[in-house]
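To keep things clear, I will list the structure first and then write my remarks on it.
First listed ligand is number 1; within each ligand, the first listed atom is number 1.
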Amino acid sequence: MLEIVFAKPAVPKSGALSVLVTEDKAALWPALDQAAPGLARALAAGEFKGKKAQSCLVLAPSETLSRVVAVGLGKEADLTPRLAEEAGGRAASALAKDAHAAVYAGGLSPELAASVAMGAVLRSWRFDRYRTKEKPEDKPKLAKLSVLTSDPAKAKAAWEKLKPVAEGIFLTRELVSEPANVLFPASMADRAKAALTPLGVKVEVLGLKELTKLGFGSMLGVSQGSANEPRMVVMQWNGAGGTKGKKAQPVCFVGKGVTFDTGGISIKPAGGMEDMKWDMAGAGAVIGAMAALAGRKAKVDAVGLVGLVENMPSGTAQRPGDVVTSYSGQTIEVLNTDAEGRLVLADVLWYAQEKFNPRFMIDLATLTGAMIVALGSEYAGMFANDDALAQQLSAAGELTGERLWRFPMGESYDKMLKSDIADMKNISGGRGAGSITAAQFIQRFTNGKTWAHLDIAGVAWGSKDTATVPKGASAFGVRLLDALVAQNFEG
Ligand code: BES
Ligand code: MN
Ligand code: ZN
């Protein structure tokens with residue numbers, strides 16, 4: 001992780017600097033104007049106005065500084081932690097060529113200075129475990145960033161609360177980035193356990209034998225074609241005392257963890273199939289969210305459950321038309337083996353509500369291609385049976401930039417799942433509303449409990465850099481769930 005230090009504003013003696021500028025402020029930073037008199041002129045001469053997302057690079061503005069990057073914050077009155085993060089992310093990206101750089105956040109509160117640090121850290125993450133031949137000059141060098149602020153101690157205290165969330169995000173990004181030959185159900189469970197146990201999370205891993213004994217027929221039908229055995233990981237963080245005192249009602253997060261989705265016998269086309277290594281991003285986000293909550297010692301009882309399987313075609317694979325009996329007892333006619341995520345969630349959700357008496361359940365899943373058609377990569381789809389929970393989730397989405405758009409549900413969609421020979425089929429068979437009918441299917445396994453489903457198919461992985469997320473695994477959901485808890489369910 002990019003190292004962050006906070007210091008009082010002083011123009012650096014050398015190297016690279018970023019200054020964050022609000023739209024309404026004409027002057028930058030008097031001390032810098034003095035040290036580099038040409039800078040203000042250079043900025044004023046161009047189109048740089050301090051607008052949101054605007055930036056301007058000035059090379060060698062003084063005898064000693066190698067570069068200054070001005071980054072716009074937009075109007076001072078509209079400034080939010082999220083906008084400060086975005087500016088921090090842009091600054092870090094512009095300063096990546098220097099090993100040590102500084103960013104001037106002197107005009108901001110210490111809390112916003114911590115958000116600048118968060119943005120810089122999030123943007124600077126990189127997955128380079130498998131790059132053995134990259135030339136040093138091609139690698140980003142930024143290793144340490146000094147954030148210049150009027151109250152370094154206060155900013156540092158605020159940053160200490162954000163840092164564990166960044167660590168949770170990085171855990172998720174790493175899991176989602178790993179190829180499927182390295183990350184399969186058993187190895188993913190091992191990694192979750194290794195990362196979470198030291199944070200004080202109780203981690204339990206159930207294997208094929210236990211899941212068979214429990215009767216996870218829906219999830220095991222998906223997994224039976226693979227040589228890699230399934231796992232379910234159950235993670236408990238008892239930050240509010242757990243079962244001590246009154247009966248615990250934990251918040252509950254459930255993730256789809258298909259470590260690779262070939263489609264099974266209903267096999268996917270070859271083009272783009274490699275993307276399906278990230279079909280475990282829902283599970284990855286749940287694991288990262290548990291790390292974030294435990295890492296910052298959140299005062300909440302939380303339980304995370306992930307169903308980990310690999311969906312493969314083989315001589316032992318499930319066939320279209322097979323009927324399986326889910327853990328809930330309901331039977332499912334599997335008409336398309338590529339609609340497998342819902343089959344995994346069905347058993348894990350039923351287990352979650354039965355075992356933990358949750359206050360609510362939220363599942364995250366890269367569930368449907370139709371979600372990408374509907375929302376692209378700007379919003380994730382939200383489906384919920386509870387308006388209050390939906391409202392809280394939407395608010396957390398706006399706060400963190402992990403935005404949600406709610407879709408309708410109802411009887412008329414639900415009946416599209418009617419099967420001729422079993423309690424339900426796993427696809428509607430029609431052309432429309434694919435994301436909604438998937439949500440309806442999942443709802444049948446919530447036993448009427450308060451529940452929301454987030455279809456993150458379009459947002460789990462990005463094809464281009466954004467202000468705080470380099471292209472690739474986004475870890476969408478980690479910040480969202482952490483903020484949901486922080487805003488509504490602590491202390
Ligand atoms: N994992 C996919 C959904 C997906 C597709 C996520 C593309 C991200 C990018 C899911 O298991 C799937 O295959 N869904 C099918 C459902 C269909 C068979 C009803 C789909 O969306 O095509
Ligand atoms: Mn599939
Ligand atoms: Zn899938």
What protein heavy atom sits nearest [atom], and how far away is it?
atom: atom 2 (C) of ligand 1; result: Asp261 OD2, 3.6 Å
atom: atom 18 (C) of ligand 1; result: Asn336 ND2, 3.5 Å
atom: atom 10 (C) of ligand 1; result: Leu367 O, 3.3 Å

What do you reckon, does Lys268 have a nitrogen or oxygen under 3.5 Å from a nitrogen or oxygen of ligand 1?
-> yes
Test of proximity, Arg342 against ligand 1: N or O pairs below 3.5 Å | no
From the candidates Met276, Glu340, Met280, the one that places a heavy atom nearest atom 11 (O) of ligand 1 = Glu340
Among Asp279, Asp338, Thr337, which residue places a heavy atom closest to atom 15 (C) of ligand 1?
-> Asp338
N/O/S from Asp261 sitting under 2.8 Å away from the Zn ion (ligand 3) = yes
Between the Zn ion (ligand 3) and Val258, is there an N, O or S atom separated by less than 2.8 Å?
-> no
By residue and atom, what protein N/O/S atoms are less than 2.8 Å from the Mn ion (ligand 2)?
-> Asp261 OD2, Asp338 O, Asp338 OD1, Glu340 OE1
Here the atoms of ligand 1 under 4.0 Å from any heavy atom belonging to Thr368 are 3 (C), 21 (O)
Stepwise salt bridge (Lys or Arg N to Asp or Glu O under 4.0 Å) check, Arg82 with Glu85 = CA-CA 5 Å; Arg82 177 66 196 148; Glu85 277 179 11; 2.8 Å; yes
Val286 and Thr172: side chain to side chain contact (heavy atoms under 4.5 Å, CB included), yes or no, with the steps?
-> CA-CA 8 Å; Val286 168; Thr172 302; over 6 Å; no
If you have a sec, read the angle at the Zn ion (ligand 3) from Glu340 atom OE2 over to Asp279 atom OD2, to 10 degrees.
-> 100°
Is the centre of the Phe489 ring less than 6.0 Å from the centre of the Phe360 ring?
-> yes
